[in-house]
Amino acid sequence: MPAATVLPRSFYDRDALAVAPELLNKVLVAGEVRARLVEVEAYRGADDPGAHSFRGRTPRNATMFGAPGSLYVYFSYGMHWCANAVCGPGDTPHAVLLRAAIPLAGLDVMRERRAKARREVDYARGPGSLGQAFGFDRSFDGVDLTRPRGRVRIVDDGTPPPARPGVSTRVGLAAGKGDAFLYRFFVAGDPHVRRSGSGGADRRGGGARSDQ
DNA sequence: ACCGGGATGTTCT
DNA sequence: GAACATCCCGGTG
């Protein structure tokens, strides 16, 4: 098993739509907590009415306009802290929302933080839950994800992204949700991915594409 | 399993 | 004052 390597800034310095599917199966690390990303969403600056950066820079979204490879954390619905990886290219305000992950280490800490979650599968299922499991808050906004011993980082442990990720529209948006915005990517069939829409949870097998 | 609503507070119009 | 990249609980079938 190769040593885990921190993703370099060049990984993030691209369109969020290119970065998002490649973040699947990477490992998010903060202190002793580690979890494998299985669901993400791309948000793309000026062309994306669903993005926080669509209407320009504000105090809240300033981190999105900063260096690719930064962590953009925002407060959602008066209750939850959600985390994004800032992307590019250059200073283009793109980002990838981290929506769900498989707990790998630091399970005691996660269980304590996620007291309401009964099952391990729910520790980091959904962006608010993921933020709570990792202990994110305002002080994490702007953290550099590319530092090998940084406070938060994303590493490659040798697990490749799925060859054919699940793809769908994004969750919970009033704007930017048509078929032109297939910006959500997930590991098809993984139980840690928040179920969407109707029907069965566990679609698996050869093809794997649009929804679960 | 599916749906409806309340919690809770920052951000922007 | 409305909207919001959400979560959880309780009702119903």
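Naming convention: chains lettered A, B, ... in sequence-line order (proteins, then strands); numbering from 1 in each chain. These numbers come from a predicted model, not from an experiment.
- The ring-ring contact (aromatic ring centres under 6.0 Å, His included) check on A:Phe181 picks up A:Tyr183, with sequence neighbours excluded.
- Around the CZ atom of A:Arg151, the shell of radius 6.0 Å holds more than 12 heavy atoms that belong to other residues, nucleotides or ligands.
- Comparing the P positions of B:dG6 and C:dA2 gives an interatomic distance of 16 Å, to the nearest angstrom.
- A donor atom on one side chain and an acceptor atom on the other are found under 3.5 Å apart for A:Asp141 and A:Thr63.
- Closest-nucleotide positions on DNA chain C for A:Ala174 and A:Ser129 were compared, and the one nearer the 5' end corresponds to A:Ala174.
- Within 4.0 Å of A:Gly128, counting heavy atoms only, lie sugar-phosphate atoms of the nucleic acid but no base atom.
- For DNA chain B, the neighbouring residues in residues 57-70 of chain A, judged by any heavy atom under 4.0 Å, are A:Thr58, A:Pro59, A:Arg60.
- A:Phe11 pairs by the ring-ring contact (aromatic ring centres under 6.0 Å, His included) definition with nothing, not counting sequence neighbours.
- Note on A:Gly126: only backbone sugar-phosphate atoms sit closer than 4.0 angstrom, heavy atoms only; bases stay farther off.
- In the hydrophobic clustering of this structure, A:Met64 does not group with A:Phe54; members are Ile, Leu, Val, Met, Phe, Trp, Tyr whose side-chain heavy atoms approach within less than 4.5 Å, directly or through other members.
- No side-chain N or O of A:Thr169 forms a donor-acceptor pair with one of A:Arg184 less than 3.5 Å apart.
- Within the cation-pi definition used here (under 6.0 Å to the ring centroid, within 45° of the axis), A:Arg9 does not qualify as a partner of A:Tyr12.
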For nucleotides 4-7 of chain B, tabulate all protein N/O to nucleotide N/O atom pairs closer than 3.5 Å, reporting atom names and distance.
none

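- Between the side chain of A:Asn25 and the backbone N or O of A:Pro160 there is at least one donor-acceptor pair closer than 3.5 Å.
- Residue contacts for A:Arg118: at a heavy-atom cut-off of 4.0 Å it reaches no nucleic acid atom on any strand shown.
- Nucleotides of DNA chain C that come within less than 4.0 Å of any heavy atom of chain A span, from the 5' end to the 3' end, C:dC4 to C:dC8.
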Run A:Ser129 and A:Arg114 through side chain to side chain donor-acceptor pair (under 3.5 Å) and show every step you take.
CA-CA 8 Å; A:Ser129 298; A:Arg114 297 275 302 124; 3.2 Å; yes
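- Taking the six-membered ring wherever Trp is involved, the centroid distance between the rings of A:His94 and A:Tyr43 does not fall below 6.0 Å.
- Side-chain rings of A:Phe75 and A:Trp81 approach one another, their centers coming within less than 6.0 Å.
- Remark: side-chain polar atoms of A:Arg147 are not paired, donor with acceptor, to backbone N or O of A:Asp144 under 3.5 angstrom.
- Cluster membership for A:Phe134 and A:Val40, using ILVMFWY side-chain heavy atoms within less than 4.5 angstrom, is shared.
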Output field dot_bracket for DNA chain B (Watson-Crick or G-U, both distances under 3.5 Å, | for other-strand pairs) contains |||||||.||||.
